[in-house]
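In what follows, a structure is listed as C-alpha cells, so that the remarks can point back to it.
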Amino acid sequence: MTTRRVWAPGRVNLIGDHTDTTGGLVLPMAIDLGIALEVEPLPRRISLTSDAQPEPLELDLPVVDPRTVRPAWGRYVAGVAAQLESTDGVRGTVTSTLPQGAGLSSSAALEVAAALALGGPSDPRELAALCRDAEEAASGVPCGIMDQLTSAAGVEGHALLIDCHTLDITPIPLPPSVAITVVHSGQERELAGSAYAERRAQCEAAEAVIGPLRAATSEDLARLEDPVIRRRARHVVSENDRVRRAARALVDGDLGTLGEAMARSHASLRDDFEVSTPVLDELVEELSAMPGVVGARLTGAGFGGCVVVAHDPGVAPGAGRRAWRVRASAGATVA
Ligand code: GLA
C-alpha cells in the first residue's frame, strides 16, 4: 500500500495583524515547528491517532457537520474533508512539534497537512483558500488567509510579504543579524472567536462608508463618524503602512526602523484595535527593554497568546519563559 508523508509548518507573524481580512498586507514566516502526517488510503473513513492528543479521530465519510465532530481536534480534519467532499479517507498518525493553542497556527498546519494527505490541491493559493474555508467551517471563526497561506507557501530563510487581496507573495530575506523568538504570555487566548468576528464586522462597517480599507487614506478615515469604527479602520490603514516599512527595513538591514514599526504595531493593536491585554502589554514592554532586542509585539489574533521578538542572535529574550526560537522554514511538503 502506498504511504503518503506530509509535513506542514506553523507560522509566526512578524507584523501586519488584523489586516488579512480586508485584503491588506501581512509579513509572516513559516517556522521550523509543524505537523507531520503519515497515512495510507482507507475507504470511506478517516482514522488518525495523534501524539499530541489523548483521543484518536474516527470519522465516517462523507462528513456531515465538522462542528459536531469529536474529539474537537478532529474538526479541522473534518472541515478539510468536507471542503474536499472526500468520500475515501486515510488511516495513519499525526506527529506534532508545534505547541497547541499558542498562537503558532497549529490548526492551520493541521488543515494544510490533512488537505495534502487527502489529495487536496498542490497549488499553495488553492490549498490555502480551501483550508481557510475549512477553518471557518470547523470553528465558526471568520478568519483570513494568512495562516494557511504561510503554511502552504513558506520560503526557507525568508518572511513572506503577502498582499491578501491579490495573494501576491514577495519573499523577504531575513538578515543574519536578526533572530526571531516567540514568547508565550501565559494567558490562553480567550474570547478570540467572538471578538475576532466583531472586529471583522467593524472593519466591514468602515468599508461600507469609505470603501476598501486597503486603499483608504487618512482623509477617508476622517469621514468615519463613529469613533470606535474610525479607530478600528485607523489600525488597519496604519498597519498596512507599517508592514511596507518593516519589509523595506528588513531588505535594507535597517533594524531601527523595523523595531519602531513593531512597537507602533503593538500600540495600534492595543489602543485602536483593542485586541491586547494588560499581560501582553507588560510582556512587550519588558522584552522591548532587554539588551539586544530590536522589537517586540503581540502576534496573531491577540486576546492573550504570544509575543514575537526580533533580536540579536547573541541574546535569548525568552529565557526562563515558555518560548520558542524559530527559523524561517519552507512551506508544506508531500512525499
Ligand atoms: C488569526 C487569523 C488570521 C489573522 C490573524 C490576525 O490568526 O486566523 O487570519 O486575521 O488572526 O492577524
Side-chain angles (χ1 to χ4, degrees), residues 8-31 75-76 79-80 98-112 125 127-154 159-165 167 169 182 184-185 188-204 213-214 232-233 235-240 242-243 246 261-262 265-266 268-270 272-277 280 297-308:
R11 68 95 186 93
V12 62
N13 191 19
L14 302 183
I15 192 164
D17 273 309
H18 294 281
T19 48
D20 63 346
T21 46
T22 46
L25 302 176
V26 294
L27 190 63
M29 65 187 217
I31 60 176
R75 288 175 195 165
Y76 300 106
V80 167
L98 201 54
Q100 313 264 316
L104 296 176
S105 288
S106 56
S107 60
L110 179 57
E111 289 146 16
V112 170
R125 290 175 183 80
L127 177 64
L130 181 137
C131 291
R132 193 225 69 89
D133 292 350
E135 169 101 24
E136 185 163 352
S139 67
V141 178
C143 62
I145 201 164
M146 168 170 68
D147 306 344
Q148 293 80 6
L149 188 52
T150 308
S151 180
L160 306 180
L161 174 59
I162 305 176
D163 178 323
C164 296
H165 180 58
L167 300 189
I169 302 174
V182 184
H184 202 288
S185 67
E188 296 305 321
R189 278 179 300 161
E190 287 159 22
L191 291 176
S194 55
Y196 185 95
E198 185 197 70
R199 295 299 185 282
R200 186 164 180 168
Q202 289 167 332
C203 290
E204 280 162 15
L213 290 179
R214 64 174 184 278
R232 303 295 188 251
H235 164 71
V236 175
V237 172
S238 62
E239 185 81 347
N240 283 331
R242 285 185 290 270
V243 173
M262 291 176 81
S265 169
H266 184 80
S268 178
L269 287 160
R270 180 190 64 208
D272 279 353
F273 218 65
E274 294 183 275
V275 293
S276 191
T277 65
L280 282 168
R297 55 182 286 282
L298 79 81
T299 182
F303 310 103
C306 287
V307 169
V308 60

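Just so you know, ligand 1 is whichever comes first in the structure, and atom 1 is the first atom listed for that ligand.
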Non-hydrogen atom of Glu136 closer than 4.0 Å to ligand 1: no
Backbone or side-chain N or O of Asn13 under 3.5 Å from ligand 1 N or O: no
Exercise: identify the closest heavy-atom pair between Leu167 and Arg125: O-NE, 2.8 Å
Evaluation steps, side chain to side chain donor-acceptor pair (under 3.5 Å), between Ser107 and Arg75: CA-CA 10 Å; Ser107 60; Arg75 288 175 195 165; over 6 Å; no
Ligand-residue contact atoms, ligand 1 with Gly144, heavy atoms, under 4.0 Å: 9 (O)
Arg11 contact mode with ligand 1 (heavy-atom cut-off under 4.0 Å): side chain
Lys/Arg N to Asp/Glu carboxylate O, Glu274 vs Arg199, below 4.0 Å: no
For the student: nearest non-hydrogen atoms of Asp272 and His235, plus distance: CB-CB, 3.9 Å
Proximal atoms of ligand 1 relative to Met146 (non-hydrogen, under 4.0 Å): 4 (C), 5 (C), 12 (O)
Least distance between heavy atoms, Gly16 atom then Val26 atom: O-CG1, 3.2 Å
Contact atoms of ligand 1, heavy-atom distance to His18 under 4.0 Å: 6 (C), 12 (O)
Proximal ligand 1 atoms for Asp17, defined as those under 4.0 Å from one of its heavy atoms: 6 (C), 12 (O)
Enumerated ligand 1 atoms positioned under 4.0 Å from heavy atoms of Asp20: 3 (C), 4 (C), 9 (O), 10 (O)
Exam field: side chain Ser151 to backbone Asp147, donor-acceptor pair closer than 3.5 Å: no
Lys/Arg N to Asp/Glu carboxylate O, Arg297 vs Glu239, below 4.0 Å: yes
Nearest-neighbour protein heavy atom for atom 1 (C) of ligand 1, which is reported as residue plus atom name and distance: Asp147 OD2, 3.8 Å
